[in-house]
Amino acid sequence: MTRSNELVQELIDLDKKHFFHPTSPIKQQQEQGPAFIFTEGKGIHLFDVAGNKVIDGMSSLWNVNVGHGREELAKATMEQMTKLAYSSCFATFSNEPAIRLAAKLAQVAPGDLSVTFFTSGGSEANDTAYKLARHYWILKGKPNRKKIISRTKSYHGVAMGSTSATGLKAFRDFTNSLAPDFLYVDHFSSKSLRETIEAEGADTIAAFIAEPVQGAGGVHVAPDHYFQEVRQICNEYGILFITDEVITGFGRTGKYFGIEHYGVVPDMMCFAKGVSSGYAQLGGVMISSRLYKEFTELSNGTLLHGYTYSGHPTACAVALKNLEILEQEHLIENAQFIGQELLKGFQWLHGERYIIGKVKGLGLMAGIEFVKDQNKNENFSTPVSPAVVNEAAKRGLICRAVVLDGQDILVFAPPLTINKEEIGKVIEILNDSIKAIEKNVFESFATKE
């Protein structure tokens with residue numbers, strides 16, 4: 001066994017023995033070891049310990065917006081760490097990167113979203129939004145307004161509150177004691193939202209939360225006028241409207257924030273992921289100037305909510321440099337343009353491959369639905385998207401399958417730096433991968449007959 005092989009085997013053994021993986025099949029890890037052990041990233045590519053090179057078709061977790069291996073972000077990290085790596089923001093202590101980032105976010109956010117509460121990531125951001133919404137109504141003298149409404153097929157994180165808000169039931173079934181006062185409405189129906197509010201009583205509802213495009217739930221793009229309608233419903237019943245931009249923020253959909261496609265402004269907006277492109281752990285909640293004014297006027301004593309790393313100086317310095325890269329390299333505009341090229345490629349695949357149903361997307365978020373019969377839009381008894389993911393990985397492309405809630409969807413979210421030639425390579429790999437699965441599917445049909 002060569003030194004290289006010895007290293008790979010050593011890492012596999014240590015991984016299986018000591019690393020409890022997030023959102024992974026435990027038995028698969030124990031039987032097969034890690035699917036990849038990555039050692040380097042450059043642009044849209046990742047390299048593993050065995051020397052394999054793959055296209056990161058998911059920006060890892062929808063978040064490496066500016067691509068891998070950006071020396072500018074490493075330099076920003078080092079410069080801030082050598083000056084002030086960390087300091088607390090409790091008791092009104094502050095630091096310049098946090099102040100500058102909050103001001104920058106106020107500049108680029110839609111409408112009057114102008115004040116930021118920082119967290120370490122998306123789950124914390126969503127939990128914070130629910131707590132702030134409920135605390136707001138306590139301050140307003142309406143403590144019964146505590147219910148949070150979310151949508152089916154939604155994903156809002158894995159902390160206790162964000163798990164309870166997630167509309168994908170399998171995530172809620174993971175635990176046997178959910179947080180109370182969370183409700184779910186049909187993900188594409190504003191009528192469902194109105195009916196739920198009226199059935200529960202508007203005076204019991206604190207907030208409604210929605211992703212501008214549902215990401216982990218299968219890349220579901222809302223129908224025309226949906227968000228205008230829910231904004232109007234929230235106004236009508238005096239309910240706070242929260243958008244979850246953890247995936248859709250910072251250029252992913254071809255605009256700075258996904259909700260900008262729909263011409264409405266939320267009362268709160270959660271963010272994470274693309275704010276730092278994954279180079280540092282950071283998230284937050286933005287609130288409107290109106291809401292902040294009311295918090296300021298009504299609040300007495302200490303706001304008893306905060307995380308150790310809220311306003312982390314190094315993370316905020318990295319985010320500032322990351323946003324500078326997004327703007328200077330016109331990556332938001334690139335996401336819009338190249339996203340159209342990706343969707344065109346998917347539409348071409350739809351015409352070439354028999355098992356593709358609907359293709360969809362917005363910016364560089366896109367999905368392919370698989371069906372047994374295109375005419376009937378009939379699903380396979382066993383989803384095929386995981387098999388396509390495996391075939392694509394063999395050919396050098398990482399993508400993701402969504403099979404929860406009876407779905408069979410392949411989803412993509414490559415770095416915003418991807419170009420037209422690289423999109424062509426993605427389409428080529430997908431065509432070959434889906435073709436291989438079709439062959440297996442039809443051979444299986446023939447055998448049964």
Side-chain angles (χ1 to χ4, degrees), residues 22-25 28 57-59 61-62 122 150-158 162-174 182 184-189 192 209-223 226 244 246-248 252-253 258 339 342-343 345-347 349-350 353-393 397-414 426 430 433-434 437-438 440-441 444:
T23 316
S24 301
Q28 178 183 316
M58 283 304 302
S59 299
L61 277 177
W62 318 81
S150 65
R151 301 192 291 164
T152 57
K153 295 185 170 60
S154 64
Y155 177 81
H156 297 294
V158 293
S162 47
T163 292
S164 302
T166 291
L168 294 164
K169 187 174 180 294
F171 283 94
R172 305 199 305 273
D173 289 345
F174 177 81
F182 286 89
Y184 317 96
V185 297
D186 183 272
H187 68 138
F188 279 171
S189 170
S192 176
I209 185 166
E211 302 156 277
V213 179
Q214 292 183 316
V219 184
H220 298 293
V221 182
Y226 172 80
D244 179 346
V246 170
I247 288 176
T248 54
R252 174 57 57 192
T253 67
L342 180 61
L343 202 54
F346 283 4
Q347 289 164 346
L349 285 172
H350 179 269
R353 306 268 57 91
Y354 303 108
I355 62 172
I356 294 179
K358 183 180 179 182
V359 299
K360 53 196 177 174
L362 188 63
L364 282 172
M365 289 181 72
I368 295 172
E369 296 184 3
F370 292 106
V371 293
K372 184 166 66 174
D373 188 325
Q374 287 182 335
N375 295 323
K376 297 179 180 178
N377 200 34
E378 183 181 350
N379 289 344
F380 289 96
S381 56
T382 301
V384 301
S385 52
V388 176
V389 167
N390 291 336
E391 289 292 331
L397 171 65
I398 292 174
C399 46
R400 181 170 171 177
V402 173
V403 298
L404 299 177
D405 284 8
Q407 301 180 102
D408 193 2
I409 303 172
L410 206 63
V411 297
F412 300 83
V426 167
L430 281 176
S433 302
I434 298 169
I437 297 303
E438 281 182 341
N440 292 338
V441 167
S444 174

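The structure displayed is predicted, hence computed values, not measured ones.
Remark: Tyr226 pairs with no residue by the ring pair (Phe, Tyr, Trp, His ring centres under 6.0 Å) rule, at least two apart or across chains. By the salt bridge (Lys or Arg N to Asp or Glu O under 4.0 Å) test, Arg400 is found to be paired with no residue, residues two or more places apart in sequence or in another chain being considered. Evaluation of the salt bridge (Lys or Arg N to Asp or Glu O under 4.0 Å) rule for Glu369 yields Lys360 as partners, not counting sequence neighbours.
Distance alone, capped at 3.5 Å, places no donor-acceptor pair between the Ser192 side chain and the Val185 backbone. With hydrogens and angles ignored, the 3.5 Å screen pairs no side-chain donor or acceptor of His156 with any backbone N or O of Thr163. Ser150 contributes no side-chain N or O that, together with a main-chain N or O of Thr166, makes up a donor-acceptor pair within less than 3.5 Å. Judged by distance alone, with hydrogens and angles left aside, the side-chain atoms of Arg151 form a donor-acceptor pair with the main-chain N or O of Glu211 at under 3.5 Å. Side chain of Asp244 to main chain of Val246: a donor-acceptor pair is present (N/O by atom type, distance under 3.5 Å, no hydrogens or angles). Ser59 contributes a side-chain N or O that, together with a main-chain N or O of Ala413, makes up a donor-acceptor pair within less than 3.5 Å.
For the atom pair OG1 of Thr152 and NZ of Lys169, the computed distance is 13.5 Å after rounding to the nearest 0.5 Å. Atom-to-atom distance recorded for Thr248:OG1 and Met365:CE is 6.5 Å, nearest 0.5 angstrom. Between the CG atom in Leu168 and the OH atom in Tyr184 there is a gap of 10.5 Å [rounded to 0.5 Å]. We find the CG-CG distance between Asn379 and Asp373 to be 11.0 Å, quoted to the nearest 0.5 Å.
Proximity of Val426 to Pro414: side-chain heavy atoms (C-beta onward) are nowhere separated by under 4.5 Å. With a 4.5 Å cut-off on side-chain heavy atoms, Thr23 and Val158 do not count as touching. In this structure the side chain of Phe370 reaches within 4.5 angstrom of the side chain of Ile356, judged on heavy atoms. At a threshold of 4.5 Å between non-hydrogen side-chain atoms, the residues Val411 and Met58 count as touching. With contacts defined as side-chain heavy-atom distances shorter than 4.5 Å, the pair Ile355/Ile434 qualifies. Contact annotation: the side chain of Leu349 never approaches that of Val359 to less than 4.5 Å [non-hydrogen atoms, C-beta and beyond]. Here the side chains of Leu430 and Phe346 are in contact, with some heavy-atom distance below 4.5 Å.
Residue Gln214 forms a side-chain hydrogen bond (donor to acceptor under 3.5 Å, both in side chains) with just one option from His220, Lys153, His187, and that option is His187.
Residue Trp62 comes nearest to Ala216 through the heavy atom pair CZ2-N, 3.7 Å, listed as atom of the first residue, atom of the second, then distance. In terms of heavy-atom proximity, Pro386 sits nearest to Ala401 at N-CB, 3.7 Å. The heavy-atom pair separating Gly167 from Ser154 by the smallest distance is N-OG, 2.8 Å. Counting all heavy atoms, side chain and backbone alike, Asp408 lies closest to Ser385 at OD1-OG, 2.7 Å.
For Phe171 and Tyr155, the gap between ring centers is short of 6.0 Å.
For the pair Arg172 and Phe182, the cation-pi test (distance below 6.0 Å, angle within 45°) is failed.
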Carefully, step by step, assess Ile409 and Val219 under the rule side chain to side chain contact (heavy atoms under 4.5 Å, CB included).
CA-CA 9 Å; Ile409 303 172; Val219 184; 5.8 Å; no
